[in-house]
Amino acid sequence: MSTKAVLITGANGEIGHGLVSRLREQRPELRIVAIDVHPLSKEMKEQCHETIIGDILDTTLVDRLAAFYDFESIYHLAAILSTKAEREPVLGHRVNVDGTLNLLELGARQARATGENVKFLFPSSIAAYGLPTVEAKMKAGRVKESEWLDARTMYGINKKYCEDLGRYYNWYYRQIDPQTLTGHVDFRAIRFPGLISAVTMPTGGTSDYGPEMMHMAAQGKPYDCFVPETATLPFMTMADAINALLKLESTPAKNLTQVVYNIAAFSVTARDFYEIIKKEYPNAVVNFKPDPLRQKIVDSWPADVDDTWARKEWGWAHEYDFQRAFDEYLLPAVKRRYAGK
Ligand code: NAD
Ligand code: SER
């Protein structure tokens with residue numbers, strides 16, 4: 001008999017770090033199986049039932065997982081983020097799309113074998129949107145899930161396509177098979193805004209300028225910000241992002257009419273970041289040196305999103321607004337992290 005467990009891919013990443021410890025705290029009985037191409041720290045390993053250094057593109061590894069475990073939920077976090085995927089688009093497509101397909105197939109196979117649905121949590125992104133100009137972006141305001149979906153980056157296109165794949169596995173998988181399937185992949189995606197963690201530094205993303213500015217100031221290092229002061233994006237603390245994943249996971253399927261949900265917390269400019277950081281670190285040096293190419297990507301992502309569906313259907317509510325995020329979550333943890341360094 002297979003062992004009941006939850007699977008977390010990309011567990012060594014920013015969300016993975018927070019998710020593993022929150023799951024361990026909230027559901028200590030849970031067997032967490034974690035995969036990443038990079039080794040997890042000793043601390044992370046201790047919180048998991050099994051950790052695997054491996055590639056989600058390795059189908060032999062995915063088959064081995066299917067043979068040993070019976071996953072009730074799959075948190076599929078492994079991905080190549082937007083800036084890196086723009087530099088290496090073929091790699092981005094392979095990991096972000098082919099990797100996701102491997103995991104969806106794993107879920108579908110398990111659901112078929114057990115007759116029970118397998119929940120599949122997918123962190124999509126505001127990169128799935130594509131607004132043509134900064135004027136259109138500012139005029140659009142809070143964008144709904146079905147609007148402005150002409151993504152302009154490899155990463156955004158990959159996310160949008162994987163949302164569609166998830167919708168297919170959820171509702172239409174093998175729809176012309178004469179036999180009715182008893183279990184299916186219960187796909188649930190959140191289009192996350194830029195995430196800010198106090199304990200990890202982001203890498204490879206386009207929204208990284210916000211968190212990078214804070215981490216550099218806390219270390220007393222100058223920071224060259226690659227977007228102009230006016231650049232506006234929605235952001236959220238990692239704590240709220242993890243709350244959202246867990247809340248969506250625990251919502252009964254009957255309450256959900258969508259497979260993809262926006263969630264929002266605060267929408268701020270790069271200047272807003274600078275000002276709030278400056279209050280705590282008056283000597284912080286931030287040079288606004290926009291990179292017009294990376295700026296174009298930020299300009300194509302919405303300034304804010306409409307999260308009515310998430311609030312209505314699964315009770316999404318953020319805990320941290322911008323000020324509280326800094327005062328109560330980010331600054332205390334960042335200070336502890338860099339104390340004495
Ligand atoms: P991250 O880059 O910190 O983590 C991704 C992890 O995936 C890394 O540890 C990496 O080693 C691993 N990985 C990459 N390729 C792999 C492969 N082939 N096989 C196994 N592991 C692989 O990113 P994150 O911020 O933790 O993001 C997690 C997920 O959330 C991603 O899907 C990302 O697109 C999504 N997301 C993140 C943000 C954000 O602002 N951080 C916003 C929206 C969506
Ligand atoms: N924050 C992510 C990035 O910038 C978007 O999902 O890549």
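In each ligand, atom 1 is the first atom listed, and ligand 1 is the first ligand listed.
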Using non-hydrogen atoms of the residue, decide whether F192 is closer than 4.0 angstrom to ligand 2.
no

In terms of atom number and element, which parts of ligand 1 are under 4.0 angstrom from non-hydrogen atoms of G54?
19 (N), 20 (C)

With heavy-atom distances below 4.0 Å as the criterion, list the atoms of ligand 1 near G10.
6 (C), 7 (O), 12 (C)

V37 neighbourhood, listing ligand 1 atoms whose heavy-atom distance to it stays under 4.0 Å:
11 (O), 13 (N), 16 (C), 17 (C), 19 (N), 20 (C), 21 (N), 22 (C)

Does the structure place the NZ or CZ of R324 under 6.0 Å from the centre of the six-membered ring of F266, at an angle of no more than 45° from the ring's axis?
no

What residue and heavy atom of the protein are closest to atom 33 (C) of ligand 1, and at what distance?
Y155 OH, 3.5 Å

Which option, L61, D58, L77, D36, owns the non-hydrogen atom nearest atom 11 (O) of ligand 1?
D36

Heavy-atom gap T9 to ligand 1 smaller than 4.0 Å
no

Does a side-chain N-to-carboxylate-O contact under 4.0 Å join E280 and K335?
yes

Which residue supplies the protein heavy atom nearest to atom 40 (O) of ligand 1, what is that atom called, and how far is it?
L195 N, 3.0 Å

If the cut-off is 4.0 Å to any non-hydrogen atom of S125, which atoms of ligand 2 fall inside it?
5 (C), 6 (O)

Looking at ligand 1, is there an atom of it that comes within less than 4.0 Å of some heavy atom belonging to F122?
no

Starting from atom 19 (N) of ligand 1, what is the nearest protein heavy atom, named by residue and atom, and what distance separates them?
I56 N, 3.0 Å

Sequence neighbours left out, what passes side-chain hydrogen bond (donor to acceptor under 3.5 Å, both in side chains) with K84? Give chain and number order.
none

Considering heavy atoms of the protein only, find what lies nearest to atom 18 (N) of ligand 1 and give residue, atom and distance to 0.1 Å.
D55 OD1, 2.8 Å

Pi-cation contact, Y75 with K119 (under 6.0 Å, within 45°):
no

Compute the centroid of each ring, for F273 and then for F235, and state whether the two points are separated by less than 6.0 Å.
yes

Would you mind listing which atoms of ligand 2 come within a distance below 4.0 Å of any non-hydrogen atom of T206?
3 (C), 4 (O), 7 (O)

Counting each atom of ligand 2 from 1 as listed, which ones have a heavy atom of S82 under 4.0 Å away?
3 (C), 4 (O), 7 (O)

In ligand 1, the atoms that come under 4.0 Å of a heavy atom of K159 are 31 (C), 32 (O), 33 (C), 34 (O)

How about F120 and D186: do any of their side-chain heavy atoms sit closer than 4.5 Å?
no

Quick check: do S125 and F192 have side-chain heavy atoms less than 4.5 Å from each other?
no

Name the orientation class of the two ring planes belonging to W316 and H318 (parallel below 30°, tilted from 30 to 60°, perpendicular beyond 60°).
tilted

From the options G205, A78, A85, P193, select the one whose nearest heavy atom is closest to atom 42 (C) of ligand 1.
P193

Protein heavy-atom partner closest to atom 2 (O) of ligand 1 - residue, atom, separation in Å
L81 CD1, 3.6 Å

Checking heavy atoms under 4.0 Å, the part of Y155 that sits near ligand 2 is side chain

For the residue pair R22 / N243, report whether a side-chain donor-acceptor contact shorter than 3.5 Å exists.
yes

Considering heavy atoms of the protein only, find what lies nearest to atom 4 (O) of ligand 1 and give residue, atom and distance to 0.1 Å.
G13 CA, 3.2 Å

As an exercise, identify every atom of ligand 1 less than 4.0 angstrom from a heavy atom of V95.
15 (N), 18 (N)

Which ligand 1 atoms, with their elements, are less than 4.0 angstrom from a heavy-atom of H38?
11 (O)

What's the shortest distance from atom 5 (C) of ligand 1 to any protein heavy atom, and which residue and atom give it?
A79 O, 4.0 Å

Just to check, does S124 reach to within less than 4.0 Å of ligand 1 when the distance is taken from its heavy atoms?
yes

Distance from atom 25 (O) of ligand 1 to nearest protein heavy atom, with residue and atom
E14 CB, 3.7 Å

